[in-house]
Structures are given as C-alpha cells and as structure tokens.
S.K.: 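Okay, handing you the structure first.
All heavy atoms count here, side chains included; hydrogens, waters and symmetry mates do not. For clarity, every value in this text was computed on a predicted model and none was experimentally measured. A, B, ... follow the sequence lines: proteins, then strands. Residue 1 opens every chain.
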Amino acid sequence: MNPVTAQRIRSTITHLLLLAGVAISIFPFYWMFVMASRTTTDVFKYPPELLPGTHLLENIRKIFDNIDMVGSTFNTLVVALATTVLVLFFDSIAAFAFAKYEFPGKNILFVVLLATFMIPSQLSTVPSFIVMANLGWVGSLWALIIPGAVNAFGIFLLRQYAQGAIPSDLLDAARIDGCNFWQQYRNVALPLLRPALAFLGIFTFIGTWNDYLWPLVVLIDPEKVTLQVALSQMKGLFTTDYSMVMAGTLLAVIPLIIVFFIGARQFLSDLAAGALKQ
Amino acid sequence: MATTSIAANAGKDPGAAARAATGRKRSEYFSLYLAISPFYILFAVFGLFPILFSAYLSFQSWNGIGDMKFVGFAQYQFMLSDQFFWKSIVNTFQIWFISTIPMLFFALVIAFMLNQQMLRGRSAYRIAYFIPNVTSIVAIAIIFGSIFSNQFGLINAGLQAIGADSIEWLNTPWGIKIAIAAMVIWRWTGYNAIIYLAGLQAIPTELYEAARVDGASWVQVFFRITIPMLRPIILFTVITSTIGGMQLFAEPQVLVGNSGGPGNEGQTMVLYLYEQAFIKNQFGYGAAIGWGLFVIMILFSLINWRLVQGAGTRGLRRGARA
Amino acid sequence: MAPTRRAFLAAASGLLGTALLGTSGCGRGSYLTPEGTLSLWYWNRSISDTLLGKAPKAVGVPFVPQKIGSDYKSKFLTSLAGRAYVPDIVGLNDDVATYFPNSDEFIDLYELGAKDVESEYLQWKWARGVTPEGRMIGFPMDTGPTALFYRPDLFEQAGLPTEPDEVAAKLDTWEAYLEAGSQLVEALPKTKMLPNIPSTVYTQALAQQATRYLDEKNKFIGDGPQVKQAWDLAVEANRRKLSANADDWSTDWNAAMSTGRIATFVGAVWAGQILSDGANDTKGKWRVCRAPGGAGNAGGSFLGITKYCRDPEAAFKVISWLQSPENQLVYGLNEMKLYPAAISSIEDPRGQHKDPFFGGQVSNDVFATSAKEVKPVYLSPYDNVINPAFISELTNVWSAGKNPDAAWNDALTEVNRQLSHLGLI
C-alpha cells in the first residue's frame, strides 16, 4: 500500500469516528431546536416528532412577552465578563507562583486550596446568603461577581498546565535579565499560558452564564435577575410551557457558542502557528 | 501524606529550587504571597463562614426555620447507621466508575484525533463536541428520558428490533446507573477532550518529529510521548472528574428525581444531602452528610492522585529510556 | 432569633475579624421592595398575571408581585434562615404543614379578620392552613379534588360500562375498580389499567382517608388501617398486574397515555391539564367520574403573611381580594384552570363548561362533587419524611418483587428510625 493511500484511509476512518461522535453530541441540541419550534403538546408526543415545526418565532415572541430577555441578558453578560476577567488574572498569577516558585508554606497552602474545592456547594447556600445579607450585597450583581472572582479549579488547572508549558530555563534567563516576578509573569508566563487561559476563560464564562441556584437565592428583584433565573420563572407547579422555555434556552446558548468560537481560536489555531511559537 | 506527595510533585521541577535559592529575598516572597493572596482573602470572607456554619450546623437539629437544638454527635451517629447514606456512597462510586473511565478514554481519543495535523474541518468538530456542555439540562433530561424510557425508549425499540428483550432501564438498579453514567459521559466527554487538546497543543512538535525520524510507530508515539507529556493535564482531569463525580447532582436529579428513582438506585451523595436539607428540612443532618462526603472525597482524591502520579512517573521514565 | 445562632454568628464574625459580619445583625431593614410597598412571592401559573395587574389599584395597596420559578422553596427557606429579604406575602404549597412547628414565622390570619370569610371556603381546605393550636398561617388558594380519568372506548372493548354515572356506580370501591382492572387487562392484553401503584393507588387511596400518618399531637398512627388499607390495595393492584409501571408525568407516562396503553388513573383535577398537554391526540377520548373509594384531594396551595410583613392588615386585604370567590372563579378557574377553594365559585354555572378534551362532558361538575366531599384530615409537618418510606418500600415491591409483608415491616422500621431522629418518639 502506498503511503498516500494509507494516509487517506486513516483520515477517512478518523472522520467517520469523529462524525459518529458529532452525531451523538449534537442530537440533543438539535432536539432542543425541534422542541423550540413546536408546541408543548408536540414535545411529549409519541412517537416523537423528529423534524422542526413552524412555531419558533411564536415561541420566541412568547418568551419576550413573558420575561425581560434584554435586561436579563445584559445582567448576565456583565456578571460573566467581569467574573471571567477577574478569574483569568487572579488564577493565573496564583497558578504561576504555585507552579514555578518555592516559598515557605507553599505545599500546605496548596493542599488547603484543593480541599476547598471538595466542599459541596449545596452546603453553603444558606450561610453564604447570611454573609451577603450582612454585607448588604443581596440583590446586587457584586454578590455574584466577587465570590466567583478567583477559584481553586482554575488555579489548579493553570498550575498543572504551567508545569509543562513554561520551561524553567526561560524563567532563569528572564531572571538573569533582571526581571522580577511580575515581569516574568507578564513576559514569559502569560504568553505561554494563553491556550490554558483561553480554555479557562471559555468555561468560566459558560459556568457563570449558566449558574442558577446562587443567583436565584441572592438576587431579589425579578426585574434585575440573570438569564437562567428569568427563564426558570416560567416553570409552573403542575405544567410548564416547554416549547417556550426551549426557545428561550436556545437564545441563551447563542452567546456561549460565539464565546467558544472566539476563545477556541486562541488555543486551537493551526499547529503551524504552534510550531513557529516554539 | 498530602503534603509529601504534592511536595514531591512540585519539587520535581529542577529549576525551582535553584531559583528559590538565588531569589530568597523578602521582596520576591512578598510578590509570591501577594500573587496567591486573592484566593485566600476571598475564601476567608466568603468561604470560611459557610464552612464554619455548616460544621456548627452538623451538631444541631435544625429545620431551617426555627431555633436550632444542640444534639452533639447524634447526626453523625444517625448517619453511620443510615442505610440510605451508605447506599448513596455505593451508588456514587458505581456511577463514577462506569462514567469516568469511558469518559476520559473517549476524551483522550477525540483530542488525539482532533490534534492531527492534516485534519480538515477541525473548527466544526470542536464546536460540535463542545455543544453538549451548553445544551440546557431540561432538554437533556427530556431526551435521555426518551432514550432510556422503560417501554417506549429508543434503546428498547432497538433491542426489540433485533429480537432482544427490552430492559426497564429506569426501574432496575444497573439500568438507572447506566442511564445516569451515559448522561455524564455525554455531557463531559467533549469538555475533557478540549482540555486534553489544549494540553496536546503545548507539546513541542520537535518531539514528534524526532520520534518520526527514529521510526517510532503511532502507538509508541502515543504511549511514549503524548501520554507522559500530558501527565499534569491528565492528573488534573482525573482529580476534577473525581471531585465532579463525587459531587454528582444535576444529572441524577433531572433523570430520576430527588430520591433517586426506584430503590434509590440513582441517589448520589450530594443528591441525598440536598434531599435531606431542602426537601425534608433537615439542615443539621444535611450538614453532617456534607462533612461525611468531604472526608470521603479527600481520601479518594488522594488515592487517585497517587495512582496517576505514580503511573505518570513510570510512563515518563519509560519514555525517557526509549 | 435563636440565641445560639446569634452567639455563633458573633463568634464567627470575631474569628473572621470582619467587622462587617454581625454588626448589623440579621435582617434589620432588609426588605425586598421599597418602603410603603409590599412584596408577594408566587410561582408561574399560581395566580393570574392579569389579576395581579389589576390588584394594586383595586385593593388600594401598592404591592409588587415577584414571580419565583423552580426551587421556590429553597429560596424561601434561605431567606427565612437568613432572616433577611423575606417576602411580606408568600405563596405556600400543599406542604404548608411543614411550617406548623414554626408558625410564629407567620402572622395568624385569624387576627386579621379571616374568620369573617371562613364560611365561604371549603372547610377541609381551610383547616389545612390552620395549625393544631388554632393559628391560621395559610389562606386557601386552589385545590386538587380527585376523580377517575378513564377511556370509555377501551372500557367498551373490555365489556365495562362507558357512561360516567355507570362507571362511577360499578367502580364505586377500590376492590371493584381492581376487579374491573383484571377484566380489562384480560380483554386487552396490551393495555394496563393504571399508570403505577405508588401514586395512583396508594397515594390516592390514602388521600381519601380522614387520618394519615400522625395525629394532631404528632403521635404516629401510620401503622393504622387507613394506611394499611391503601397499602394492601396497591399490593393487590400489583399482584393483578394492572400497572404500567410508568412514573407520573414521565416520558413513559406521556407515551402510554397518547398510545392508549393506559385505560384509567385516579388523579387530581390539574392532572387533566397535564394529560391534555401530553396526550392531545387523545382529545375527546377521555371521561371523568367519581373516583373509586370516594373523594380525595391532591395538591393545592395557600397564601401566607410572614412576621416580617410591614403592613399585615394591608397584606390581608391583598390576599383576601386575590382569593375572593369571584376572582377564584374568573381568574383562577376560568383563566388559569386552577380549581377554586371557595364554595360559591365551585358551584357557579359560569365555571361549568363542556370540555372538548373530555368529549364535551362538564368535567368541573365531577370535581365540584369531589371537592365538597373531601374529608378533613390532619397533615403533619413530618409527612414529607414519613411518606417516602412507604413509597420507597412499595416501589421495592413492584420493581424488585420484594415480599409485601417484609416491605411493610421495613417501611415501619424506617419510619421509626426517622421519627426518633426527629425526636418525636
């Protein structure tokens, strides 16, 4: 078999496997679209309706009539952007310090950091609310942004990534050139951490965007809530208009896909570019 | 124990010690502490009180509304004799096992395929594999309900089509767990694949080229270069999916409800905590379960840490020898 | 406030060294809406938005309705626990009794003149909002009278009567219902009589009784005949293989309903809404009649006024206006399909429509009879802990073939353990 044919066969197999995974991955999303374009009765029909219907615009109109989509999207955007920026900065400086430097108490501090990660968040809803009530932050978006501004998950991720991605001799060279910690961070670490930062940024943004229980508890004015909380207002006790909720959910996902698309370019551009960087 | 293993891990960077030795200056320490301080400051303000509060709560009987009543270790005693608590631990571990291993394996394979140099349509694939992570959980619940439905599900339709007996997935102990695990795998494989992909992109291409020049096979490259170089990232995904798996909540809740379906077979530890606190108004007991869960998680993460660390180090040595 | 908690808060604040914590204490001045207005928490479709829009003007009280969606109770409990930003007026679900041990968190509506309108509402419904000590914390909103939903076409094929009156007469007891079930599944092997045994036999049979798990002194009586009978009926339904084993409102339930695989179920009035949403293809094929065993209730909610309310008198005006018999009829029943608690609105001809989903039958007529016959029953604050023990053992019976007697004993053992954990025995 000549190498070109072998390459072609391998590439075909890769595509077939990847496409099978794609079908599985996007089917529920497609279904969400089907539900959003039909009536609630159709959602539960048996056998299920597999093709999109004609009610998408009507459902979108209904969701705009029922909840403040524009206002809540704006609030969510503010929270998600602010949180992401803060997380990227605070997590990366901490991770850089943990990954590449020695200082007294480092190991114990890192263990504490990891341990906090293991506390189930459901446990802290009530006491966190008490803290916010005492700070006078209930109802304010600060109550969402500030506690989420730095997290153990991101520090852990970036530390792991930095161990492999930042060569120690580069840092030593920078030090010899007289760079202090912050200059090393800016000139050496930050560029090399970019792929991991893009990943962390994307998923911080998504996580904040989709966060539900804490915003529900801590925001009090239904006019000033985040998107997920606003969408949940449509849930009834006995029956819910699912097609309308799905239309809203579909709209809420679009910004996330855009963010992913932009962010992913940061770490998934051509390998050639990666090679040049090296 | 934790300290030593992590110290060993951190100490493996040969330059670090040297840098620390030359730069043991106050100003540098100050910068380092400043760099890590935001986490600890915010934790002290927002995280410490909830932890102290729940520790305190676990010694009380409290319905969330009225006065608390001090009960000593009664909640913990009750917990140790509570068959549903133990059952939730077993369930959690079973679901973790059947979801995490395939999930990380698929993620690695997908990342590896997506990382191929000549692959066309890579950005379309990326978006597709990322989609499960943003699909609404309500939609997912409805769909997985349809797929695993006892009498009308897609899988059962398939089984009947090939002449097999249908399975009441959501009524049998393993059926429930498999359904939940399938949902976990579906939601998180792409996510982990993207982490791996980010890690793969950081591996210098020279390594691959050198291997190719040496005539290494595809499999050799994978096990001798890719896996060892990805070790820190693999460790990260193992630890986070251990924690995520131990804290599994949303998937079983939407699929089988707050009590975990027939025989409580789908009830995970956090779901049990949630049910006790917010459905049955037993906040004191919920807090005790939270602490039980915390201890289990610490122990289990440590075991996994050591396993991955050990395996990774061996892999690296093998890679170095080759 | 619990002195222990205040002490703890203070100690914790000291520990943290944050002057912010503890100085203000909890909740002072922390309100949801501006001074001079009242806040009201409700969930989607529990009160008509049209009615809420008219209310402030009609009552002369400026209040702000705030719609809270899923996890309503978590949010409410968190605000009560934090003693801050608690709503003035709050919608409470059918688990209103879970607030009885802390009824001092609510204002006694009797003190605000609720007695004057008591006679206008169904007595059993009213009583469910009143604690054993006689404090009224919940004002009646909607109710969930139960009936038998059935498919006359399938009944006909099985040689059973089809007209609602005949069906009600023939299937008057649960035993007769199960017997008819056997006849039906024999004639139609692909069809099941009912969706599942825990909620459509056990729960519904129990809902018809005058006692449940605890008496008014919170002494356990759940080993008595009222529970055992319901249990035995469920076990018998399982033995006769009448159940489709489809959980309420699940995919299976919806699919089985649309494909005619389930012939009947006993359910509350609002289940008709779910049925017509989920199985709209079967429109016209369903009828309702009196449930075997008689009238029962499932679901239904209340409005309460918390002790944090800034103007209880005005709040009561809002509540009693929103839930006046006229508004329960026009905006509750006719607009939102919420079944009223006010007697005159149940009987009013304006609420008696021919329902096309039920083949033109006046279904509200059946529910009206049921609503008026429900027996008053004491639902305890701990039913949410006790009930799952029975349901889960019953589930073991049908799903794992557990011996029913062993399951019953295990249920009682578990209840015992839970009650001693709660300090009730």
S.K.: With chain A, which of Leu230(B), Val270(B), Ile127(B), Ile147(B) has the greatest number of heavy-atom pairs at distances under 4.5 Å?
M.R.: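 Among Leu230(B), Val270(B), Ile127(B), Ile147(B), the one with the most close pairs to chain A is Ile127(B).
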S.K.: If you tally heavy-atom pairs under 4.5 Å against chain B, which of Ala97(A), Pro147(A), Ser124(A), Ala149(A) wins?
M.R.: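 With the most close heavy-atom pairs to chain B, the winner is Pro147(A).
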S.K.: Taking every non-hydrogen pair under 4.5 Å, which of Ala128(B), Ser301(B), Gly190(B), Ala124(B) racks up the most with chain A?
M.R.: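 Among the listed options, the one with the most contacts to chain A is Ala128(B).
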S.K.: Most heavy-atom pairs under 4.5 angstrom with chain A, which of Ile243(B), Val109(B), Leu34(B), Ile140(B)?
M.R.: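 The residue among Ile243(B), Val109(B), Leu34(B), Ile140(B) with the greatest pair count is Ile243(B).
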S.K.: Pair Glu28(B), Asn180(A) - check side chain to side chain contact (heavy atoms under 4.5 Å, CB included), show working.
M.R.: CA-CA 8 Å; Glu28(B) 172 148 325; Asn180(A) 67 20; over 6 Å; no
S.K.: Is Gln7(A) in contact with chain B via its backbone, its side chain, both, or neither, using a 4.5 Å heavy-atom distance?
M.R.: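 The side chain, not the backbone.
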S.K.: Contact part of Ile206(A) toward chain B, heavy-atom cut-off under 4.5 Å: side chain, backbone, both or neither?
M.R.: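 The side chain, not the backbone.
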S.K.: For Phe117(A), is it the side chain, the backbone, both, or neither that has a heavy atom closer than 4.5 Å to a heavy atom of chain B?
M.R.: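 For Phe117(A), the contact with chain B is made by backbone and side chain together.
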S.K.: With chain B as the partner, which of Ile26(A), Leu250(A), Leu109(A), Leu86(A) has the greatest number of non-hydrogen pairs under 4.5 Å?
M.R.: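 Top count of heavy-atom pairs under 4.5 Å with chain B: Leu109(A).
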S.K.: Under the side chain to side chain contact (heavy atoms under 4.5 Å, CB included) rule, what do Trp62(B) and Val126(A) come out as? Steps first, then yes or no, please.
M.R.: CA-CA 12 Å; Trp62(B) 188 41; Val126(A) 170; 4.3 Å; yes
S.K.: For a side chain to side chain contact (heavy atoms under 4.5 Å, CB included) check, start with the C-alpha distance between Thr116(A) and Phe39(B), then their side-chain angles and the critical distance, and finish with the verdict.
M.R.: CA-CA 11 Å; Thr116(A) 63; Phe39(B) 175 80; 3.4 Å; yes
S.K.: Ignoring hydrogens and angles, tell me if any N or O in the side chain of Trp31(A) forms a donor-acceptor pair with the backbone of Ile143(B) under 3.5 Å.
M.R.: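 Such a contact is absent between Trp31(A) side chain and Ile143(B) backbone.
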S.K.: Please flag which part of Leu200(A) lies under 4.5 Å from any non-hydrogen atom of chain B: side chain, backbone, both or neither.
M.R.: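 Neither part.
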S.K.: In terms of heavy-atom pairs under 4.5 Å with chain A, which of Ile110(B), Ile195(B), Ile233(B), Asn133(B) leads?
M.R.: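 Looking at each option in turn, the highest pair count goes to Ile195(B).
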S.K.: Give, as side chain, backbone, both or neither, the part of Asp91(A) having an atom under 4.5 angstrom from any heavy atom of chain B.
M.R.: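 Contact with chain B involves no heavy atom of Asp91(A) at all.
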S.K.: For the aromatic rings, using the six-membered ring if either is Trp, is the centroid distance between Phe203(A) and Tyr191(B) under 6.0 Å?
M.R.: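 Yes; Tyr191(B) has its ring centre under 6.0 Å from that of Phe203(A).
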S.K.: Less than 6.0 Å separating the ring centroids of Phe130(B) and Phe260(A)?
M.R.: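 Ring-ring flag for Phe130(B)/Phe260(A): true, centres closer than 6.0 Å.
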S.K.: What option among Tyr274(B), Phe106(B), Phe249(B), Phe144(B) has the most heavy-atom pairs under 4.5 Å with chain A?
M.R.: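 Of Tyr274(B), Phe106(B), Phe249(B), Phe144(B), Phe249(B) has the most heavy-atom pairs under 4.5 Å with chain A.
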S.K.: Below 4.5 Å from any heavy atom of chain A, which atoms of Leu42(B) appear? Answer side chain, backbone, both or neither.
M.R.: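 Contact with chain A: side chain only.
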S.K.: Check each atom of Ala162(A) against the heavy atoms of chain B and say whether the ones under 4.5 Å are side chain, backbone, both or neither.
M.R.: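 For Ala162(A), no heavy atom lies under 4.5 Å from chain B.
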S.K.: At a heavy-atom distance under 4.5 Å, which candidate from Pro104(A), Pro167(A), Ser11(A), Ser92(A) has the highest pair count against chain B?
M.R.: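 Top count of heavy-atom pairs under 4.5 Å with chain B: Pro104(A).
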S.K.: Starting from the C-alpha separation in whole Å, work towards a yes-or-no answer on side chain to side chain contact (heavy atoms under 4.5 Å, CB included) for Tyr33(B) and Phe103(A).
M.R.: CA-CA 8 Å; Tyr33(B) 288 123; Phe103(A) 49 91; 3.6 Å; yes
S.K.: Examine whether an atom of Leu273(B) lies under 4.5 Å from a heavy atom of chain A, and if so say whether it belongs to the side chain, the backbone or both; otherwise answer neither.
M.R.: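 Side chain only.
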